[in-house]
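Side chains are part of it too, since the values below use all heavy atoms of this structure and drop only hydrogens, waters and symmetry mates. Computed from a predicted model, the values in this text were never measured in an experiment.
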Amino acid sequence: MRNVSEKTIIKAIVDIKCSGYFKTPGLSRKERSYILDELERRGWIDEHCNPTAGSQDVVRNNLHLSSH
């Protein structure tokens, strides 16, 4: 598994919040799993991949990373 950048992790939470799903192409299954585990560890998503209130500031400050 490659190192996953902080930007990729933040982009994932922005995509989940803005579009409802995580759609970063080119990642392996292990990398996607690592990112989702990291988001949950940070308290930005719950166990059902729903964004939490704790993710609002991160998303708001990084909307420019959205895929939309």
Please find the pair of heavy atoms, one from [X] and one from [Y], that lie closest to each other, and give the distance.
X: Val14; Y: Val59; value: CG2-CA, 4.1 Å
X: Cys49; Y: Ile16; value: O-CG2, 3.5 Å
X: Gly26; Y: Glu31; value: O-OE1, 4.2 Å

* Structure fact -> Hits for salt bridge (Lys or Arg N to Asp or Glu O under 4.0 Å) against Arg42, two or more places apart or cross-chain, chain-then-number order -> Glu6, Glu38
* Partners of Arg60 by salt bridge (Lys or Arg N to Asp or Glu O under 4.0 Å), sequence neighbours excluded? ->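 Residues passing salt bridge (Lys or Arg N to Asp or Glu O under 4.0 Å) with Arg60: Asp57.
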Contact check, side chains of [X] and [Y], non-hydrogen atoms, under 4.5 Å:
X: Ile9; Y: Val58; answer: no
X: Phe22; Y: Ile45; answer: no
X: Ser55; Y: Leu39; answer: no

Look up atom [atom1] in [X] and atom [atom2] in [Y], then write down how far apart they are to the nearest 0.5 Å.
X: Cys18; Y: Ile13; atom1: SG; atom2: CD1; answer: 9.5 Å
X: Arg32; Y: Asp37; atom1: CZ; atom2: CG; answer: 12.5 Å
X: Leu65; Y: Ile10; atom1: CG; atom2: CD1; answer: 7.0 Å
X: Gln56; Y: Asn61; atom1: CD; atom2: CG; answer: 11.5 Å
X: Leu36; Y: Arg41; atom1: CG; atom2: CZ; answer: 13.5 Å

* To do: Walk me through it: do Lys11 and Asp15 pass the test salt bridge (charged side-chain N to carboxylate O under 4.0 Å, His left out)?
  => CA-CA 6 Å; Lys11 183 180 181 318; Asp15 283 347; 2.9 Å; yes
* Asked: Partners of Thr8 by side chain to side chain donor-acceptor pair (under 3.5 Å), sequence neighbours excluded?
  ->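 Testing Thr8 for side chain to side chain donor-acceptor pair (under 3.5 Å), a comparison that skips the adjacent residues, returns Ser5.
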* Asked: Taking only residues at least two apart or on different chains, which pairs with a member in residues 44-53 satisfy salt bridge (charged side-chain N to carboxylate O under 4.0 Å, His left out)?
  ->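 Every candidate salt bridge (charged side-chain N to carboxylate O under 4.0 Å, His left out) pair involving residues 44-53 fails, so no pair, neighbours aside, qualifies.
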